[in-house]
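Right, one structure below, let's go through it.
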Amino acid sequence: MSDEMHVTDTYHPAEIERKWQKRWAEEGTNTFTDEALRARGREGKPFYNLMMFPYPSAEGLHVGNIYAFTGADIYGRFKRLQGHDVFEPIGFDAFGIHSENFALKVGTHPMELIPSNIEKFTRQLRRVGLMYDWKHSLDTTDPEYYRWTQWVFLQLYKAGMAVKKEAPVNWCPSCNTVLANEQVIGGECERCGTAVELRNLSQWFFRITEYAERLLNNLDWLDWSESTKKAQVNWIGRSQGAEVAFPIARARVAEDRHASAAIEAERPVIRVFTTRPDTLYGATYMVLAPEHPLVERVTTPENRERVEEYRRKAASTDLVSRKKTDKTKTGVDTGGRAVNPATGEEIPIWIADYVLMEYGTGAIMAVPAHDERDFEFANEFGLPIRRVVAADGDSGDTPLNEAYVGSGRLVNSGEYDGMEWQEAKRKITDELAARKLATPQTNYRLHDWCISRQRYWGPPIPILYCDACGTVPVPEDQLPVVLPHIDDYKPDESGISPLARHEEWYVTECPGCGGNAHRETDVSDTFLDSAWYFLRYPSAGNDQLPFDPEVTRGWLPVDSYIGGNEHAVLHLLYSRFITMVLKDLGHIEFEEPFRKFRAHGLIIKEGAKMSKSKGNVVVPDEYIEEWGADTLRTYLMFIGPYEEGGDFRDAGITGPYNFMNRLWDTVISAEEREIDAQVEQKLHATIQKVTEDTEALSYNTAIAAMMEYLNVVRAGGRTPEVEAVQPLIPLIAPYAPHLAEELWERSGGNGSVFDEAMWPDFDATKAVADEVEFVVQVNGKVRTRMQMARGIDEHAAREAAIVDENVLRFIEGKQVRKTIFVPDRLLNLVVG
RNA sequence: GCCUGGGUGGUGAAAUCGGUAAACACAGAGGACUUAAAAUCCUCCGCCGCGAGGCUUGCGGGUUCGAGUCCCGCCCCAGGCACCA
């Protein structure tokens with residue numbers, strides 16, 4: 001179709017969208033050259049507008065992707081019209097189990113599948129009219145990208161933040177690989193829903209727990225969606241308390257039978273972590289995790305058999321059932337005894353699977369009166385319950401029906417009786433600390449990040465094992481360690497990567513001594529690929545450095561990041577962690593990658609989440625075909641608040657389509673004449689509202705404001721003034737970029753509206769009307785509405801109100817006791 | 001159980017420093033223009049009532065001249081976390 005077609009005066013979205021997409025691509029409207037990027041970062045007004053990059057699935061672009069991208073793109077275009085140099089890149093997160101499983105299913109190698117998926121995605125994305133800098137795109141499976149992912153691994157390795165250790169890890173028996181804690185949802189694999197098993201394997205871990213405190217504290221000042229911050233706070237799970245030592249009762253410790261007083265201090269102790277040292281006097285028994293190393297030692301001969309049996313059973317029970325809360329408590333008495341350091345009492349030591357080895361010390365002091373789980377356990381096994389905290393007016397002597405976890409004062413606690421619990425917490429900790437029996441302690445729920453994957457489709461971990469030198473990092477100048485093209489990439493349940501079947505690949509020589517070495521055959525977690533990609537974009541294409549220092553200084557950290565909240569604790573936490581480590585190592589100058597983050601809502605279809613199995617997936621192409629990208633974009637944003645998502649309904653799209661047509665017609669038919677005063681007032685009010693709402697991502701109300709304005713401009717079929725319609729072109733441009741470009745050109749503008757037009761200013765004094773609709777209430781009920789001059793005073797308003805017949809009817813013969821006056825809004829007459 | 005959001009017409013929603021509930025739009029009804037249709041434009045559109053008026057923001061209380069908005073106690077929906085000591 002030729003450009004001459006546009007001489008028609010009707011809105012033809014297909015034509016103008018094709019025309020402008022072509023022009024944007026040819027003229028590089030939205031891309032920076034590397035030189036320009038460098039210069040703009042240095043002396044321009046750089047604005048890094050980022051959105052979460054997609055996984056390029058074979059099904060193609062989803063309407064959910066478009067929803068996410070459009071919302072972010074609108075913000076970027078808005079910033080550009082406000083005069084910023086906006087860098088808006090996109091790339092592809094193409095490694096990972098998802099792609100690999102799909103490749104296995106359809107029998108096409110991922111190395112063939114991914115490029116064609118990316119090609120399809122790119123084609124679709126271009127049709128949506130997104131302002132992407134395609135010159136700075138990236139693909140995580142490109143060796144030129146993962147070369148630097150491997151480099152990131154090596155930096156962590158050198159800093160001692162990447163360690164290999166044997167640990168119980170989450171194993172998915174269906175995906176045949178290890179999963180990070182964050183990828184286990186309710187004991188099941190987040191990908192396939194299979195119950196996860198525990199396996200002891202030697203794996204690479206990133207020591208993210210070292211950064212727990214910083215990751216938590218920085219949340220205070222980050223401008224992020226509150227829900228996302230909360231999710232991270234919960235995930236990090238900081239608990240403050242004390243580690244308390246409970247000596248094992250001497251008689252029960254075989255090795256200690258003849259111990260002298262001199263080694264008294266070294267008597268074995270059971271360390272527990274508690275957040276409630278104030279309840280120490282109520283600790284009537286102890287519980288060790290079945291795997292706890294001291295179990296052997298405290299178990300008495302007569303209990304040994306039952307203890308062993310319980311431990312065997314616990315070891316074979318999968319995590320899912322072990323973590324079920326509604327399960328009744330089980331456990332076994334070891335026969336061993338420990339000394340409560342507060343009371344000096346000997347208390348029994350049990351083992352039970354409700355105590356988890358991986359949290360705290362793997363042992364607890366049980367305070368059944370003030371802990372729900374301990375209460376349940378004590379009732380199950382008839383263990384004593386002693387109340388030590390009581391609310392005001394409660395003697396603390398009556399038996400409890402349930403654990404009391406509230407606040408109060410101490411009872412049955414010796415010298416601490418009567419003390420307020422918070423104070424007792426400090427005092428008891430101090431006192432035990434003086435006796436070397438306690439230390440204040442902070443624990444985190446966060447675990448180290450296991451990044452090893454026994455799969456094929458990922459970047460090989462750049463480590464060698466030399467017969468002589470041991471673990472050797474691949475020298476940086478030998479990167480990338482290229483993932484070989486192999487055909488038998490299907491994983492098995494052995495726990496060994498498919499790459500381990502390829503001796504020709506993994507056997508190599510040691511870069512240190514030249515001796516025999518073999519490569520690490522695991523690949524890294526996909527979340528490592530995405531934990532640093534925002535650093536790469538501005539330097540994409542640089543084959544010397546992962547990220548150029550000058551470019552990075554100019555453009556990072558990211559100014560605005562928009563994405564789904566499903567990544568609240570995965571991608572977003574890992575990215576923050578990697579950024580902090582790189583900062584500490586001196587590679588970058590900031591420690592938080594995303595200044596501002598907003599989570600967008602989820603787009604659903606007729607009340608249900610879209611999924612292939614439900615057959616309710618909205619394919620965007622058809623809608624673009626029928627209505628145009630501008631209409632689809634505007635419709636998606638008009639459905640509801642961007643941060644809440646909404647329901648895609650076919651019927652609703654006609655509203656925004658009519659709006660596009662009406663807007664087109666209004667601008668085309670405008671004539672040169674003086675602007676009407678009321679229209680001008682509405683214009684300023686509209687510019688103000690669209691500016692504020694777009695900044696706040698309140699796109700639905702911004703669009704409504706523009707619709708409302710059109711209704712005023714066209715009221716009664718009037719011919720609009722040029723002055724009244726010109727500002728609409730930049731206002732609509734972020735939402736409907738193609739339409740805006742075309743209207744800009746047709747009204748005599750040169751080049752792209754995004755480069756040549758400015759976001760319109762408004763005059764706040766002109767945005768308000770001279771007359772207001774004033775409400776008169778009697779006893780809080782609306783009785784009449786009057787047109788009044790703005791700024792009318794109480795006396796004048798009252799004079800006008802009390803002669804109105806609708807008001808008179810309700811106040812006649814009654815005394816007005818009180819008058820409430822809200823300027824320019826309302827008058828309320830209170831009668832008795 | 002805990003943490004987030006949320007619950008408003010036939011539908012998507014708007015209004016939350018307490019001050020006209022339902023902006024904007026979809027669907028619906030009627031009308032103008034037209035030979036007709038489309039497009040466009042105009043009018044109506046929460047519920048009850050002929051009307052005056054009364055009622056209405058998940059439920060029950062409360063504060064206030066006035067509550068969708070604040071407080072207390074619940075119910076329901078979506079998402080996240082969960083035997084974390």
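Throughout, protein chains are lettered first and strands after them, A, B, ... in sequence-line order, and every chain is numbered starting at 1. Computed from a prediction, not measured in an experiment: that's the story for all the values here.
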Inset, instruction - Among B:G12, B:A82, B:C83, find the nucleotide with the atom closest to the side chain of A:Lys329. - result: B:C83
Legend entry - Nearest-0.5 Å distance, OG1 of residue A:Thr701 to CE of residue A:Met637: 13.0 Å
Inset, instruction - Show your working on side-chain hydrogen bond (donor to acceptor under 3.5 Å, both in side chains) between A:Asp650 and A:Tyr635 and close with a plain yes or no. - result: CA-CA 10 Å; A:Asp650 293 1; A:Tyr635 168 61; over 6 Å; no
Inset, instruction - Look at the side-chain N and O atoms of A:Arg373 and state whether any lies under 4.0 Å from the OP1 or OP2 oxygen of B:C84. - result: yes
Inset, instruction - Using atom NE2 of A:His447 as one end and atom C1' of B:C81 as the other, report the distance to the nearest whole Å. - result: 14 Å
Legend entry - Same-atom distance (C1') from B:G54 to B:C44, integer angstrom: 22 Å
Legend entry - Main-chain N/O of A:Leu572 paired with A:Ser575 side-chain donor or acceptor, under 3.5 Å: no
Legend entry - Presence of A:Asn443 side-chain N/O under 4.0 Å of B:A85 phosphate oxygens OP1/OP2: no
Inset, instruction - Rounded to whole angstrom, note down the C1' distance from B:U11 over to B:C65. - result: 37 Å
Inset, instruction - Output, in order, the C-alpha distance, side-chain angles, deciding distance and verdict of side chain to side chain contact (heavy atoms under 4.5 Å, CB included) for A:Phe648 and A:Val63. - result: CA-CA 9 Å; A:Phe648 192 102; A:Val63 78; 4.1 Å; yes
Legend entry - Whole-Å P distance, B:G49 and B:U35: 43 Å
Inset, instruction - Please check if the side chain of A:Thr275 supplies one atom and the backbone of A:Ser239 the other of a donor-acceptor pair under 3.5 Å. - result: no
Legend entry - Pairwise 5' ranking along RNA chain B for A:Val830 and A:Glu643, keeping only the more 5' one: A:Glu643
Legend entry - Lys/Arg N to Asp/Glu carboxylate O, A:Glu376 vs A:Lys329, below 4.0 Å: yes
Legend entry - Contacting residues from residues 815-824 of chain A, given that a heavy atom lies under 4.0 angstrom of RNA chain B: A:Lys818, A:Ile820, A:Val822
Inset, instruction - Return the value, rounded to whole Å, for the distance between atom CH2 of A:Trp224 and atom C1' of B:U4. - result: 16 Å
Inset, instruction - For nucleotides B:C74 and B:G1, find the distance between their P atoms and express it as a whole number of Å. - result: 11 Å
Legend entry - Point-to-point distance, once rounded to the nearest 0.5 Å, from CZ of A:Phe273 to OG1 of A:Thr361: 9.0 Å
Inset, instruction - Name the orientation of the base relative to the sugar in B:G28: syn if the glycosidic angle is within 90° of 0, else anti. - result: anti
Inset, instruction - Quick one, give me the B/S/- string for nucleotides 36-55 of chain B, reading 5' to 3', where B means a protein heavy atom under 4.0 Å from the base and S means that only happens at the primed atoms, P, OP1 or OP2. - result: -----SS---------SSSS
Inset, instruction - Take the protein atom OH of A:Tyr635 and the nucleotide atom C1' of B:A27, then report the distance between them rounded to whole Å. - result: 13 Å
Legend entry - Atom pair distance, as rounded to whole Å: CZ in A:Arg238 and C1' in B:C3: 18 Å
Inset, instruction - Provide the distance between the two P atoms, one in B:G61 and one in B:A23, to the nearest whole Å. - result: 30 Å
Inset, instruction - For the pair A:Arg598 and A:Asp223, find out whether any cationic side-chain nitrogen is under 4.0 Å from an anionic carboxylate oxygen. - result: yes
Legend entry - Short side-chain N/O contact from A:Ser239 to OP1 or OP2 of B:A85, under 4.0 Å: yes
Legend entry - Given B:G19, B:A85, B:A23, the nucleotide with the shortest approach to the side chain of A:Leu826: B:G19
Inset, instruction - Using a heavy-atom cut-off of under 4.0 Å over every strand shown, decide if A:Phe774 touches base, sugar-phosphate, or nothing. - result: nothing
Legend entry - Cation-pi, A:Phe810 ring and A:Arg783 (6.0 angstrom, 45 degrees): yes
Legend entry - Candidate nucleotides B:C84, B:C83, B:C24, ranked by approach to the side chain of A:Tyr359 - the nearest: B:C84
Inset, instruction - Please confirm whether the backbone N or O of A:Lys682 pairs with a side-chain atom of A:His684, one donor and one acceptor, at under 3.5 Å? - result: no
Inset, instruction - For the pair A:Asp371 and A:Arg276, find out whether any cationic side-chain nitrogen is under 4.0 Å from an anionic carboxylate oxygen. - result: no
Legend entry - side-chain contact (heavy atoms from CB on, under 4.5 Å) partners of A:Asn711, counting only residues at least two apart: A:Arg662
Only pairs under 3.5 Å count here: list side-chain donor-acceptor contacts from residues 812-826 of chain A, not counting sequence neighbours, and write none if there are none.
| from | atom 1 | to | atom 2 | distance (Å) |
| --- | --- | --- | --- | --- |
| A:Thr819 | OG1 | A:Arg798 | NH1 | 2.7 |
| A:Asp824 | OD1 | A:Gly791 | N | 2.7 |

Inset, instruction - Step through it carefully: locate the ring centre of A:Trp350, locate the ring centre of A:Phe377, and say whether they are under 6.0 Å apart. - result: yes
Inset, instruction - Starting at atom CG of A:Leu573, determine the distance to atom C1' of B:G80, rounded to an integer number of angstrom. - result: 14 Å
Legend entry - Nearest heavy-atom neighbours spanning A:Pro290 and A:Val295: O-CG2, 3.9 Å
Inset, instruction - For each nucleotide in nucleotides 66-75 of chain B, reading 5' to 3', give B when a protein heavy atom comes within less than 4.0 Å of its base, S when such contact involves only the sugar-phosphate, and - otherwise. - result: ----------
Legend entry - Nearest-Å distance once atom C1' is located in both B:A21 and B:G9: 11 Å
Inset, instruction - Please report, rounded to the nearest Å, how far the P atom of B:A13 is from the CD1 atom of A:Ile639. - result: 9 Å
Inset, instruction - Round to the nearest Å and state the distance from A:Glu644 atom CD to B:G79 atom C1'. - result: 13 Å
Inset, instruction - Using a 4.0 Å heavy-atom cut-off across all strands, classify A:Ile364 as base, sugar-phosphate, or nothing. - result: base
Legend entry - Base-paired stems in RNA chain B, each at least three Watson-Crick or G-U pairs under 3.5 Å: B:1-7 with B:75-81, B:10-12 with B:24-26, B:28-32 with B:40-44, B:46-48 with B:53-55, B:58-62 with B:70-74
Legend entry - Residue met sooner reading RNA chain B from 5', once A:Met365 and A:Lys230 are mapped to nucleotides: A:Lys230
Inset, instruction - For nucleotides B:A14 and B:A85, find the distance between their C1' atoms and express it as a whole number of Å. - result: 47 Å
Inset, instruction - Specify the closest pair of heavy atoms between A:Gly282 and A:Pro368, including all atoms of both residues, with the distance to one decimal. - result: O-CD, 3.9 Å
Inset, instruction - Tell me whether the centres of the aromatic rings in A:Tyr699 and A:Tyr735 are closer together than 6.0 Å. - result: yes
Legend entry - Candidates B:C83, B:C84, B:G19 - which lies nearest the side chain of A:Arg825: B:G19
Inset, instruction - For A:Pro641, answer base if it contacts any base atom (sugar-phosphate contacts may also be present), sugar-phosphate if it contacts only those atoms, and nothing otherwise; contact means non-hydrogen atoms under 4.0 Å. - result: sugar-phosphate
Legend entry - Candidate nucleotides B:A23, B:U11, B:U20, ranked by approach to the side chain of A:Ala704 - the nearest: B:A23
Legend entry - Distance between P atoms of B:G58 and B:A67 (Å, rounded): 15 Å
Legend entry - A:Leu570 CG - B:G80 P separation (whole Å): 12 Å
